[in-house]
Amino acid sequence: AMASPESSKWVEAMDAEYNSLVKNNTWELVPLPPGRKAVTAKWVFKVKSNANGGIEKYKARFCARGFTQVEGVDYSETFAPTTATTTVRVLLAKA
């Protein structure tokens with residue numbers, strides 16, 4: 001992507017993603033413990049298309065390579081907010 005003619009648009013997309021991550025306090029920089037390796041990350045690029053097939057926007061995501069983490073060493077718990085479909089239906093019915 002960075003070697004393409006659209007590289008300036010990819011840089012803008014990367015800047016927007018980075019600024020969003022910083023604004024949302026996505027991570028906290030801490031000293032790396034002795035004998036441990038930092039989790040690596042990579043940029044993932046995608047062109048979003050509109051209904052007509054034209055380019056809507058250039059999307060860049062910064063993805064941590066979490067598969068290198070070891071439970072109990074690099075993290076102790078995970079959290080992913082989820083809800084049951086029936087719960088959403090009940091709430092919408094009451095609204």
Side-chain angles (χ1 to χ4, degrees):
M2 300 309 293
S4 71
E6 298 91 9
S7 63
S8 63
K9 296 193 189 298
W10 290 120
V11 170
E12 289 176 23
M14 290 169 61
D15 287 342
E17 173 74 357
Y18 177 77
N19 291 333
S20 174
L21 293 171
V22 170
K23 178 183 170 192
N24 293 319
N25 295 318
T26 304
W27 64 75
E28 178 181 340
L29 293 179
V30 296
L32 190 62
R36 299 299 306 158
K37 293 183 180 177
V39 174
T40 59
K42 69 176 186 173
W43 285 100
V44 177
F45 302 102
K46 183 168 185 163
V47 176
K48 296 288 187 170
S49 302
N50 57 24
N52 299 330
I55 295 174
E56 182 176 334
K57 71 177 184 175
Y58 291 82
K59 176 78 175 164
R61 292 181 298 139
F62 191 63
C63 301
R65 295 178 176 167
F67 56 83
T68 61
Q69 294 178 308
V70 177
E71 184 176 5
V73 176
D74 297 315
Y75 66 94
S76 57
E77 61 184 52
T78 59
F79 176 75
T82 60
T83 185
T85 307
T86 53
T87 305
V88 174
R89 286 185 188 147
V90 169
L91 290 174
L92 291 175
K94 291 193 175 242

Margin query: Would you compute the distance between atom NZ of Lys9 and atom CD1 of Ile55 and round it to the nearest 0.5 angstrom?
Written below: 8.0 Å
Notebook entry, point to check: Going by heavy atoms in the side chains, are Lys46 and Val44 under 4.5 Å from each other?
Noted result: no
Checklist line | Ala13 to Tyr58 - nearest heavy-atom pair and separation | finding: CB-O, 3.2 Å
Notebook entry, point to check: NZ/Lys59 to NZ/Lys57 distance, rounded to the nearest 0.5 angstrom?
Noted result: 5.0 Å
Item checked: Where Phe62 and Ala41 come nearest, the two heavy atoms and their spacing -> CZ-CB, 3.4 Å
Notebook entry, point to check: Looking at Leu32 and Lys37, what are the two nearest heavy atoms and their distance?
Noted result: CD1-C, 4.1 Å
Next item on the list: Say whether, by atom type as modelled, one donor and one acceptor occur between the side chain of Asn52 and the main chain of Gly54 under 3.5 angstrom.
Entry: no
Notebook entry, point to check: Once the angle between the rings of Phe45 and Trp10 is folded into 0 to 90°, is it parallel (under 30°), tilted (30 to 60°) or perpendicular (over 60°)?
Noted result: perpendicular
Note to self: Give me the atom names and distance for the closest heavy-atom approach of Glu17 to Arg61.
What the structure shows: OE2-CA, 3.8 Å
Next item on the list: Write down the atom of Ala64, the atom of Val39, and the distance for their closest heavy-atom approach.
Entry: CB-CG1, 4.3 Å
